[in-house]
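Working notes, structure below.
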Amino acid sequence: MRNPTSNVIFITGLLTGFFCLHFLLGSNSIKGKRGHFIQTDHHRAAAKNQTPADQSNGTIRILCWIMTMPKYLETRTQHVRATWAKHCDRVLYMSSTSTDFPTVGLNVSEGRENLYWKTIRALQFLQQHHMHDMDWFLKADDDTFVVVENLRHTLSRFDTEKPWYLGRRFSPFIRKGYMSGGAGYVLSKEAVRRFITGFQTGKCTHFSELEDMALGKCMETMEVELGDTRDEKGRQTFHPFPLDHYVIRTPPRRRPWYMIYDFYTPIEGPGCCSDLAISFHYIPPPQMYVLEYLTHHLRAYGYRHRYHPDDKTKSNTTEHVEVQSPT
Amino acid sequence: MLSEGGSFMKGMAMGGIFCLGLSLFGSFSPATEHGPGEHHHHHVKAPSKDELTRLSDGRVLELVNQVRVSCIIMVQPKILVYWATALDTWSKHCDKAVFYTSESSKALEAVDLNEKDDWARLRKALKHAYENAGDLRWFFVAKATTFAIIENLKHLVLAKDPEQPFYLGNAMKSGELEYVAYESGIVLSYEALKRLVNVLEDEEKCPERGHALWAMSEDKQLAVCLKYTGVFAENGEDSHGKGLFNSKSVDSLITDSMRDNPTNVVEGCCSDLAVTFNEMSPNQMQVMMFGVYRLRPYGHDFHDLLVFQPPEGSDND
């Protein structure tokens, strides 16, 4: 029956069939021949201050306490907060007064002469509030950049119930040395307990304004051990100055002024610093973001690093196709 | 009514079969992700993770062999420190790196082109590189004042056919001319370089002393010559559309981002797989070697499709 309606219906059917199948086929994603890949972008912790960090090594809980002051909150501290601080399990900004930043008010005036008072008050605060929920306590400045994942990795070989005091070891003034304040230092729970006990019993006193050295003296008095945080190749992880003070090639020379204090013989050039570096100091805000970019973002695609501390990060090699090294 | 229903069903069946037929036909296209048609867009994107996962193992192996890079590094005695730095840093990651100088230096070795004119020198260098290409099919041209991450360059061109003309980098526009900026490095496929070397003989289209009416920088001269051969500048981008070839330093780009994206400075700045940066001091380049090839957070594995081994005899990467 040559019915025009019949033709229209036929064409409608044609189009319906066509588009139905088109959508059906389009929605099936083409299955990869390789399987599973974990996301390309590495895992970043949630941006909020107080939430727990990466689940990768979830058993070590690190509290970062950052020495700052009201006048630096906008110019420096906010950039710390925007970059590395979010990788700490808990971060506290220690200042003379409490604010909505949020900062913890220590009730101590600002100024170099009061630095050790601030430290004493800060550690008292930590001992009162965070001994139960935190394992390690990192002190940093508002111009220190820290790679918290690498700190976590280094701390995994130390027992927090033992008296440990870790950082960039300096030799002067204290017999066994002390840790640089600017490069950041870490105390175990037991070390914090002994520090507080020291002040309660009068064994430790505020005898000097040089905060890092004075704390080192208390650690010595309370028999807290100084740990060696260099990596398996003897390269440093904590740095009291920026990268360019260490990694640039120089001909052999006498120690430059900024390395005079080093307890372990410092190395200049590429052997200075561990791939899994933990900290750098004297880092202004733009450099904070630069370091964040270099550490957590910029990489060389497919590059097989020379240094592999252990086999934990090795993935199934069946998925890789090896390329010859450039000659 | 029944016959109408029948018409409809017939129609549907035919429509469905037609659709199936089309999609089956479509899936028989060759494995190269981007056919010649892609050239007419003026950007070239790095392959996404998805695209790479779809390739067979055999195909990946082919691509691996194809993606080796010959670096053409332009130097002069007046930038000796950059010359030495390029030698000690990023150039070690090229499969082959040849330094071309305007005049010889007692301190370092290079192919001495004995040519002061920038355009004439670039011509000679490219010609020499083509004649000595061996089995290399990708060419990266840069001054020693540029910093490059060759692995990321390889990633960008991984699924591209070097027998097709590719001319990539930071694509810029000057009037009607689209060209790749020299400062951020220039990538040429074998086919593009071949066409260029041929047109260099043509004194009308591609004069040796450049178009004498006005002094055009050598990167623009290059674009003009290539245009005659049907090769057009394309912007190299990552799979998110971010430029990979930077004419500024990391510091400078971050500072810009602090001003433009204060709440998202690093994300708003530069690609994770950036290929080049410019305006970096020799010391900054040494720091970059540590930052790119060594410094990283423990515990992250990217499961990249290829593995690039570190260069032999090197200690700063």
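Below, chain A is the first sequence line, B the second, and so on; all start at residue 1. Side-chain atoms are counted along with the backbone in the values below, which use heavy atoms only and exclude waters and symmetry mates.
Heavy-atom distances place no part of Asn264(B) under 4.5 Å from chain A, backbone and side chain included. Using a 4.5 Å cut-off between heavy atoms, Met288(B) contacts chain A through its side chain alone, with no backbone atom that close. Looking at Cys270(B), the atoms closer than 4.5 Å to chain A (heavy atoms on both sides) sit in the backbone and in the side chain alike. Only the backbone of Ser274(A) has a heavy atom closer than 4.5 Å to any heavy atom of chain B. Contacts between Tyr293(B) and chain A at a heavy-atom distance below 4.5 Å involve backbone atoms as well as side-chain atoms. If you measure heavy-atom distances from Gln287(A) to chain B, the contacts under 4.5 Å come from the side chain alone. With a threshold of 4.5 angstrom between heavy atoms, Val147(A) approaches chain B through side-chain atoms but not through N, CA, C or O. Both the backbone and the side chain of Leu295(B) come within less than 4.5 Å of a heavy atom in chain A. Heavy-atom distances place both the backbone and the side chain of Ser314(B) under 4.5 Å from chain A.
Your options are Ile248(A), Asp244(A), Ile278(A), and the one with the most heavy-atom pairs under 4.5 Å with chain B is Ile248(A). Listed options Pro242(A), Cys273(A), Ala82(A) were ranked by heavy-atom pairs under 4.5 angstrom with chain B; first place goes to Cys273(A). Top candidate by heavy-atom pairs under 4.5 Å with chain A, chosen from Asp88(B), Thr255(B), Thr263(B), is Asp88(B). In terms of heavy-atom pairs under 4.5 Å with chain A, the best-connected choice from Asn283(B), Ile149(B), Asp50(B), Val250(B) is Asn283(B).
Asp317(B) and Tyr303(A) get closest at one heavy-atom pair: C-OH, 3.3 Å. A pairwise comparison of heavy atoms in Pro47(B) and Leu158(B) identifies CG-CB, 4.5 Å as the closest pair. Closest non-hydrogen pair, Val247(A) versus Val287(B), comes out as CG1-CG2, 4.0 Å.
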### Task
Could you walk me through whether Glu292(A) and Lys86(A) pass the salt bridge (charged side-chain N to carboxylate O under 4.0 Å, His left out) test, one step at a time?
CA-CA 12 Å; Glu292(A) 174 89 357; Lys86(A) 56 185 183 286; 3.7 Å; yes

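Arg299(A) forms a cation-pi arrangement with Phe302(B), by the criterion of a distance under 6.0 Å to the ring centre and an angle within 45° of the ring axis. For the pair Arg81(A) and Phe101(A), the cation-pi criterion (under 6.0 Å, within 45° of the ring axis) is fulfilled. In this structure, Arg294(B) is not positioned above the aromatic face of Phe290(B) in the sense of NZ or CZ being under 6.0 Å from the six-membered ring centre and within 45° of the axis.
Atom-to-atom distance recorded for Leu108(B):CG and Trp83(B):CH2 is 5.5 Å, nearest 0.5 angstrom. Taken to the nearest 0.5 Å, the CG atom of Leu244(B) stands 11.0 Å off from the NZ atom of Lys45(B). Separating the CE atom in Met288(A) from the CG atom in Asp143(A) is a distance of 6.5 Å, to the nearest 0.5 Å. Taking CG of Asp89(A) as the reference point, atom SG of Cys64(A) lies at 8.0 Å (rounded to 0.5 Å).
Close approach to chain B, defined as a heavy atom under 4.5 Å from one of its heavy atoms, is seen in Arg235(A) of residues 230-238 of chain A, taken by number.
A donor and an acceptor atom, one from each side chain of Asn316(B) and Lys92(B), are located under 3.5 Å apart.
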